[in-house]
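Down below is the structure, laid out as structure tokens.
Hydrogens, waters and symmetry mates are skipped; everything else that's a heavy atom, side chains included, is used. Chain letters run A, B, ... following the sequence lines, proteins first, then strands; residues in each count from 1.
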Amino acid sequence: MPTPPIGTSQSYIAHVDVNSFYVSCERVFEPKLENRPVIVLSNNDGCAVARSSEAKALGIEMGAPWFKLSAAAERMGLVAKSSNYELYGEMSARVMKLLGRFSAWTEIYSIDEAFLGVRGTLDELQLLGEKIKAEVYRLTGLPVCVGIATSKTLAKMANNTAKHLKVLNGVCVWDRAPKQTTENLLARLPVVEIWGIGPRLTKRMRGLGIWTAKDLRDADEVRIRDKFSIVQMRTVLELRGIPCIPMEEEREVKGQLIFSRSFSDPITDRVGMEQVMGVYAQQASARLHKHQKTAKILTAWAMTSYYNQNQDHQPAVTVKLPGPSADPVVLTKAAKQLLPQVLVGVKYARAGVMVMDLRPMAMQETFEPFVSAHEARNIGSLLQQIRSDHGVKSIGLGAAGLQSGPSWEMRREMMSPRYTTHWKELLTVKAA
DNA sequence: ACGTAGTAG
DNA sequence: CGTTCTACTACGT
């Protein structure tokens, strides 16, 4: 008697992503934005980072600078919103929690995307995709598309197909479509549209006669590895439906943390830069404390605007900390080592602090020859405690602790209320 | 070990 | 005048 088959159904990957995520979040709380061209702007209201389909139809590109759009916005009926990351972060958490109901095996890939390990017949998978879409919409108000295939790369491609082909109603199970259809799609899809293939690789691939997803899938994978790298070889196999990019474990903190921002007004002096370094270093300290991590290396940098070609300057320092640390005093001191390189009178448009080589904060009794006096007295934890009780702006060291917002604080003139995270900004509903 | 290139969202 | 921010992997030295 034959043993029963272990899995009668194949293992698949579902890729779920929210349509125009930031715009959709804004629409949940402001339904009059439905069916209108809407964009969400980057920090400082600099450029468009999310566009509704109507805005895309107006020809507004990703990254289009607001100063070039603002004049014509009213005539076009275009609505712009400043980014409200607190709102998006919270909506994202709701979606991800919900997706956990459909699979115990999920990978949160970005703020608005997740991969889910799923099984079933092709028809069952179709129903599952429809169910996911309907439930996310019912419980969060956000529209998603679902792509299902045997590899992550194809699942992404299926999702993209679901977004573009209206007849699919937002769900595409790749292997369920007629062979002829998927072959045509691949033959028409430029390589730059494939996950992992950017503009540089696209150019090099064209040189080898590889223009479409079909060309790449049918290319010799060993040749691809030799001409490019193992990453692109995996892409070739993934396009053939062979999973090569595994589902990743959830990582609590990444290998590095970066704090960087463009300024609303450029910084031209050492005092200003000193304040900025203080703020970033303390933000870094706060995040490290929150995750109970320490860093061994800190890099601080500043740069002039890319568009200011006659004044190009990018000072940077990398500092090996005296020992693994999350201490705000240690980090601030390290970040300020950038200052001697800062030229007075040069217009710095942005700056940042990056901490690397992160590792878990040592337990209490570990031998620590490099502990500073501040650390020994636990000032870092104290600051962290006060921040969590009274808000991140309640306390800080030196110039970074100043209350009045310096001139380089973020410009966010069109920001929506933080509906879901601040009691005073709750949505008001009026009964007719 | 560290810096650079390339990519994603 | 002005064009986001964060984080990864691979590779070459």
Between A:Gln275 and A:Tyr280, a side-chain donor and acceptor under 3.5 Å: no
Between A:Ser262 and C:dC5, is there a contact of a side-chain N or O with OP1 or OP2 at under 4.0 Å? yes
Going by ring pair (Phe, Tyr, Trp, His ring centres under 6.0 Å), name the pairs with one or both residues in residues 133-167 of chain A, residues two or more places apart or in two chains. none
CG of A:Asp357 versus P of C:dA7: gap in Å, rounded? 15 Å
Give, ordered by number, those residues of residues 51-79 of chain A having at least one heavy-atom distance below 4.0 Å to an atom of DNA chain C; if nothing qualifies, reply none. A:Pro65, A:Phe67
How far does the P atom of C:dT3 sit from the matching atom of B:dA8, given to the nearest Å? 24 Å
Can you tell me how far P of C:dC1 sits from CD1 of A:Ile267, to the nearest Å? 20 Å
Want to settle it: does A:Ser260 or A:Ile230 sit nearer the 5' end of DNA chain C, counting the closest nucleotide to each? A:Ser260
Figure out the CG/P separation between A:Leu257 and C:dC8, and round it to whole Å. 8 Å
According to ring-ring contact (aromatic ring centres under 6.0 Å, His included), who are the partners of A:Tyr12, at least two apart in sequence or on a separate chain? none
Looking only at side-chain atoms of A:Cys47, point me to the closest of C:dT3, C:dC8, C:dT6. C:dT3
Starting at the 5' end of DNA chain C, which residue's closest nucleotide do you reach first, A:Phe228 or A:Gly46? A:Gly46
Worked verdict on A:Gln232 versus A:Thr235 for side chain to side chain donor-acceptor pair (under 3.5 Å): CA-CA 5 Å; A:Gln232 285 70 40; A:Thr235 300; 5.8 Å; no
Starting at atom CZ of A:Arg287, determine the distance to atom C1' of C:dC5, rounded to an integer number of angstrom. 11 Å
Contact list for residues 34-61 of chain A, test ring pair (Phe, Tyr, Trp, His ring centres under 6.0 Å), sequence neighbours left out: none
Sequence neighbours left out, what passes ring-ring contact (aromatic ring centres under 6.0 Å, His included) with A:His313? Give chain and number order. A:Tyr348
Sorted by chain and number, sequence neighbours left out, ring-ring contact (aromatic ring centres under 6.0 Å, His included) with A:Tyr109 holds for A:Phe115, A:Trp195
If I take atom CD1 in residue A:Ile111 and atom P in nucleotide C:dC5, what distance separates them, rounded to the nearest angstrom? 15 Å
Any idea which of C:dA10, C:dT4, B:dG3 is nearest the A:Ser42 side chain? C:dT4
Does the side chain of A:Arg261 get closer than 4.0 angstrom to OP1 or OP2 of C:dT6 through an N or O atom? yes
In whole angstrom, what separates A:Tyr85's OH from C:dC5's P? 9 Å
Rounded to the nearest angstrom, tell me the gap between atom CD1 in A:Ile245 and atom C1' in C:dT9. 11 Å
Using OP1 and OP2 only, check whether a side-chain N or O of A:Ser305 sits under 4.0 Å from C:dG2. no
Using only heavy-atom distances, determine whether the side chains of A:Ser82 and A:Asp45 contain a donor-acceptor pair under 3.5 Å. yes
Looking across every strand, which nucleic acid part, if any, lies under 4.0 Å from A:Arg234 by heavy atom: base, sugar-phosphate, or nothing? sugar-phosphate
With a non-hydrogen cut-off below 4.0 angstrom, is A:Lys320 in contact with a base, only sugar-phosphate, or nothing? sugar-phosphate
Dump every N/O contact between nucleotides 5-7 of chain B and the protein below 3.5 Å, one line per pair.
{"unit_1": "B:dG6", "atom_1": "OP2", "unit_2": "A:Arg200", "atom_2": "NH1", "d": "2.2"}
{"unit_1": "B:dT7", "atom_1": "OP1", "unit_2": "A:Gly198", "atom_2": "N", "d": "3.2"}
{"unit_1": "B:dT7", "atom_1": "OP1", "unit_2": "A:Gly198", "atom_2": "O", "d": "3.3"}
{"unit_1": "B:dT7", "atom_1": "OP1", "unit_2": "A:Leu201", "atom_2": "N", "d": "2.8"}
{"unit_1": "B:dT7", "atom_1": "OP2", "unit_2": "A:Arg200", "atom_2": "N", "d": "3.1"}

NA contact type, A:Tyr109, heavy-atom cut-off 4.0 Å: base, sugar-phosphate, or nothing? sugar-phosphate
By side-chain hydrogen bond (donor to acceptor under 3.5 Å, both in side chains) - contacts of A:Arg234 (at least two apart): none
Please list, chain by chain and in numerical order, all residues satisfying side-chain hydrogen bond (donor to acceptor under 3.5 Å, both in side chains) with A:Asp269, sequence neighbours excluded. none
Provide, to the nearest angstrom, the distance between the CD1 atom belonging to A:Ile108 and the C1' atom belonging to C:dA7. 16 Å
